[in-house]
> 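Pasting a structure below so you can have a look.
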Amino acid sequence: MIPAKTELAIPNTKEIDTKANQALEASRAVLIVSRETYAVAANFLRDLKAIEKAINETFDPVIKAAHDAHKAALGAKAKHAEPIVAAEHIVKAKMLVYQGEEEKRAKEEEARLRKAAQEAEEVERLKRAEDLLAEGKAEEALVLLEGDTVEDGPMVHHVERVALPGIIQKKVWKAEVYDFKALLKAVLEQEAPERLIMANMPEINKLVGALGETLKIPGIRLKQEDQIAVRG
């Protein structure tokens with residue numbers, strides 16, 4: 001069943017819209033050329049705060065109601081989805097364990113077959129060496145016996161992964177920073193791109209707000225900007 005569309009109960013805003021548009025037009029006509037006109041502009045800003053307060057009082061309850069409803073819907077969705085997510089993680093983990101065990105068995109079988117092949121090669125080499133000795137070719141037999149056994153050969157056994165509709169198994173690479181100083185050095189020496197180390201500007205500005213001009217950190221310089229704040 002598809003739920004009915006929810007309409008937000010927004011109050012009548014005709015008066016607020018009129019005041020806001022009038023304020024916008026009036027702002028374009030503001031001309032500051034003296035202390036008196038500067039004071040007039042300051043009064044204008046205070047009047048804007050009154051209109052802004054009315055807008056907040058009109059829409060904040062609507063926004064809160066919508067936010068509460070959205071939060072409740074997300075909570076309900078998460079509650080219903082939680083068992084599904086947990087079940088998916090459990091089964092995926094078991095599938096990966098099975099695949100890992102299969103690959104381990106394949107490697108063990110490969111090692112066994114390779115060892116058997118090497119042993120067979122060694123037996124064959126000894127037999128050929130004996131034949132050479134019987135033929136009076138002692139030097140050739142010695143060269144044959146002193147030769148290296150082939151340690152590595154082609155893959156002789158492998159796992160064929162189960163292919164099922166809708167199931168995709170792939171290997172992905174992920175990184176973790178285990179030595180930040182080494183990473184920083186790599187960036188400084190241009191062995192890694194600078195974007196790998198981004199300044200945490202919110203935290204830096206929080207420190208500046210708390211410590212002001214006393215903040216002293218290498219690589220950071222402070223600057224002041226003029227701002228105008230308005231109290232209602």
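The structure displayed is predicted, hence computed values, not measured ones.
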> Kindly write out the residues that satisfy side-chain hydrogen bond (donor to acceptor under 3.5 Å, both in side chains) with Lys53, not counting sequence neighbours, or none if the list is empty.
none

> Taking atom CD as the centre, does Glu189 end up with more than 12 heavy-atom neighbours from other residues, nucleotides or ligands that are less than 6.0 angstrom away?
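Yes, CD of Glu189 has more than 12 neighbouring heavy atoms, counting only those of other groups under 6.0 Å.
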
> Are there more than 12 heavy atoms of other residues, nucleotides or ligands under 6.0 Å from atom CD of Glu191?
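Check passes, neighbour count above 12.
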
> To the nearest 0.5 Å, what is the distance between CG on Leu184 and CG on Asp179?
10.0 Å

> Does atom CD of Glu124 have more than 12 heavy-atom neighbours from other groups under 6.0 Å away?
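For Glu124, atom CD is crowded (more than 12 foreign heavy atoms under 6.0 Å).
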
> Determine whether Ile16 and Val62 fall in the same hydrophobic cluster, where Ile, Leu, Val, Met, Phe, Trp and Tyr are linked whenever their side-chain heavy atoms lie under 4.5 Å apart.
yes

> Is any side-chain heavy atom of Thr37 closer than 4.5 Å to a side-chain heavy atom of Leu31?
no

> For residues 67-78, which side-chain N or O atoms pair as donor and acceptor with protein atoms under 3.5 Å away, sequence neighbours left out?
residue, atom, partner, partner atom, Å
Asp68, OD2, Lys64, NZ, 2.9

> Flag yes if more than 12 heavy atoms outside Glu135 fall under 6.0 Å of its CD atom; otherwise flag no.
yes

> Look up atom NZ in Lys92 and atom CD1 in Ile90, then write down how far apart they are to the nearest 0.5 Å.
12.5 Å

> Look at Arg105 together with Glu109 and state whether they make a salt bridge at an N to O cut-off of under 4.0 Å.
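A salt bridge is absent here (no side-chain N lies under 4.0 Å from a carboxylate O).
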
> Do Leu48 and Glu52 have side chains that approach each other closer than 4.5 Å (heavy atoms only, starting at C-beta)?
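Answer no - side chains too far apart.
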
> So Met95 and Gln99, do their side chains get closer than 4.5 Å, heavy atoms only?
no

> Same cluster for Leu188 and Phe180 if Ile/Leu/Val/Met/Phe/Trp/Tyr side chains link at under 4.5 Å?
yes

> Could you go through residues 203-216 and list every donor-acceptor pair under 3.5 Å that involves a side-chain atom there, pairing it with any protein atom two or more places apart or in another chain?
residue, atom, partner, partner atom, Å
Glu203, OE2, Lys206, NZ, 3.4
Asn205, ND2, Met201, O, 3.3
Thr214, OG1, Leu211, O, 2.5

> When clusters are formed by joining ILVMFWY residues with side-chain heavy atoms under 4.5 Å apart, either directly or through shared neighbours, do Val40 and Ile51 land in the same one?
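They do not share one cluster, since no chain of ILVMFWY contacts under 4.5 Å joins Val40 to Ile51.
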
> With a 4.5 Å cut-off on side-chain heavy atoms, are Arg125 and Glu122 touching?
yes

> Find out if a path of hydrophobic residues (ILVMFWY) with successive side-chain heavy-atom gaps under 4.5 Å connects Ile228 to Val30.
yes

> Applying side chain to side chain contact (heavy atoms under 4.5 Å, CB included) to Glu108 and Arg112, what does each step give before you reach the verdict?
CA-CA 6 Å; Glu108 290 174 348; Arg112 186 188 69 79; over 6 Å; no

> With rounding to the nearest 0.5 angstrom, report the CD to NZ distance, Gln22 to Lys19.
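These two atoms lie 9.0 Å from each other.
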
